[in-house]
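Have a look at the structure below before the remarks.
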Number of protein chains: 2
Amino acid sequence: MAKQESNVSRVYEELRQMAADFAFMPDQRINESELSKRLGASRTPLREALNQLVAEGFLTFQNNRGFFCRSLTPKYIQDLYEARVAVETEALRLSVRRAEDSEIAELGAYLEQTEAEYETADDPEARLGMDETFHMRLVRLSGNSELERALRSLNDRIRYIRLIDLKRMHDKAATRVPGELSAHSRILMALAGRDAEAAEAAMRGHIEKRREAATEAVRIAFSQLYVPHD
Amino acid sequence: MAKQESNVSRVYEELRQMAADFAFMPDQRINESELSKRLGASRTPLREALNQLVAEGFLTFQNNRGFFCRSLTPKYIQDLYEARVAVETEALRLSVRRAEDSEIAELGAYLEQTEAEYETADDPEARLGMDETFHMRLVRLSGNSELERALRSLNDRIRYIRLIDLKRMHDKAATRVPGELSAHSRILMALAGRDAEAAEAAMRGHIEKRREAATEAVRIAFSQLYVPHD
DNA sequence: GCGTTCAGAATTGTATACAGTTTAGAATGC
DNA sequence: GCATTCTAAACTGTATACAATTCTGAACGC
């Protein structure tokens, strides 16, 4: 009956993807029977997966009323970005002390390799993937699994917003001065130079800039998608 | 059948408490049938609660083999403490900008009120409660729910270690010079003075000191309790 | 002894049934 | 009309049953 990979984890991954892709509208109640039919599983494993997503902050739960998609308020978005700052700046501090030169060089190679693609990629999802991968790899250099876990959760919950943000940024990408260093490069160079202060400042500035852009993007997304409750 | 508070959440809270109290030995396999009997619920709600705990990092799960208590390696403890630094220092930065003077004063009053108790309390759990409450309230001053959620999860997972640490500290408490400011007071005073640098430095030093003590405590706990696998 | 094989016992995985609660909408009174 | 009450349908909460897998330990060959 159960295969190599369990049904719960498959359902969990699908739900996570659905949540990140906004398959559920904010505040929408989730119908277990219908969803279980759609995912080809019974309610038992579905509810186990849903409970995991509640614990991770994707969904909420009300007793006897069921599971709800979490509403996306501007405050919540801001909280997520601030938590990202907390995780990524501390990870950077640790990486300055711990990361091997070779590891930093590898990430630099990845950055160089993807940067050309990044500029030309029309697909915002591809760009988002590269962006997330860079940040995840950067945090991984700290060697701290908890920070890595935290960033993964934050990224997943923030993905839809970042997608909107990146789409908008793409339209303006041509305006970037060619010789100018990308924010990612600046961060990585500071790390390579073991300059914790500069690295942290670059990271802080980078995320803050993206948060501001995302806030604007959220404002637009809100007006296009739905009206939040508060 | 279902009451005001759901069975799942009751089971969840009990399991969380059990995990924090080390009712499960690290790497121990959790027998669902037995546990469900003990908690007075069937396996269905039990497994829903267990899945939440997996998502939060208390337990691990292997397909077709079930749930396991997470093993407590020194590396894991260190990761948790470093994550605490990330969360608490960033929260402090935000609080310096955002917290009202009155809120800071309230927390100061709490600190003053508990500090006397703290010195004389024989019960290490009472001291741990006061310590956790202070840190949670401090993070709450930042107004960021995600950081609050993150600290709660970290605290719960680290609780047993902190308890051991506080027990040892209690034995040496008499050596503290009476006029000396407590670490908590130093942090709060820096916050009240809106000095982000000083507040962060104080927090960093405080947690780092506790981490070192906890590492030592863990070393002792390890040798007393069990032999970890790596 | 020591590794292998193989029942059967124990345990997990999930579908299903049904109890209990909430929700929606019709019927009613004003 | 509009609020209220009531009834049926829809949905959630959980116990249970049984299939699939893993585990245990005894029997066996070497």
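Hydrogens, waters and symmetry mates are skipped; everything else that's a heavy atom, side chains included, is used. A quick note: this is a predicted structure, and the numbers were derived from the prediction, not measured.
In this structure, B:E212 has no side chain to side chain donor-acceptor pair (under 3.5 Å) partners at least two apart in sequence or on a different chain. Qualifying side chain to side chain donor-acceptor pair (under 3.5 Å) partners for A:K209, counting only residues two or more places apart in sequence or in other chains: none. Considering only residues two or more places apart in sequence or on other chains, A:S153 meets the side chain to side chain donor-acceptor pair (under 3.5 Å) condition with A:R157. With sequence neighbours left out, the salt bridge (charged side-chain N to carboxylate O under 4.0 Å, His left out) criterion links B:D156 to B:R16, B:R152, B:R159. Partners of A:R93 according to the salt bridge (charged side-chain N to carboxylate O under 4.0 Å, His left out) rule, which considers only residues two or more places apart in sequence or in another chain, are A:E200, B:E200. Remark: A:R210 pairs with A:D165 by the side chain to side chain donor-acceptor pair (under 3.5 Å) rule, at least two apart or across chains.
B:F61 comes within contact range of the sugar-phosphate backbone alone, with a heavy-atom separation under 4.0 Å but no base atom that close.
Atom CG of A:N63 is separated from atom C1' of D:dG13 by 8 Å (rounded to the nearest Å). Between A:L39 atom CG and C:dG13 atom P the separation is 19 Å, expressed in whole Å. The interatomic distance linking B:K37 (NZ) with D:dT16 (P) rounds to 11 Å, in whole Å. To the nearest angstrom, P of D:dG13 lies 5 Å from CG of A:N64. Atom CZ in A:F67 sits about 18 Å away from atom P in C:dT21, given to the nearest Å.
Not one side-chain nitrogen or oxygen of B:S42 sits closer than 4.0 Å to the OP1 or OP2 atom of D:dT14. Between D:dT14 and B:N7, a contact under 4.0 Å exists linking OP1 or OP2 to a side-chain N or O.
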I'd like a table of atom pairs between the protein and nucleotides 7-11 of chain D - only N or O on both sides, under 3.5 Å - with the distance next to each one.
residue, atom, partner, partner atom, Å
D:dC11, OP1, A:N31, ND2, 2.9

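Place A:Q62 and B:R43 on DNA chain D by their nearest nucleotides, and A:Q62 ends up nearer the 5' end.
Taking 4.5 Å as the limit, every side-chain heavy atom of A:M130 sits out of range of all side-chain heavy atoms of A:E115.
DNA chain C is contacted by A:T44, A:P45 of residues 44-51 of chain A, taking any non-hydrogen atom closer than 4.0 Å.
Residue pairs that meet the salt bridge (charged side-chain N to carboxylate O under 4.0 Å, His left out) test with at least one member in residues 99-111 of chain A, sequence neighbours left out, are A:D101-A:R194.
Under the side chain to side chain contact (heavy atoms under 4.5 Å, CB included) rule, B:V85 has a single partner from B:R204, B:E90, B:H206, which is B:R204.
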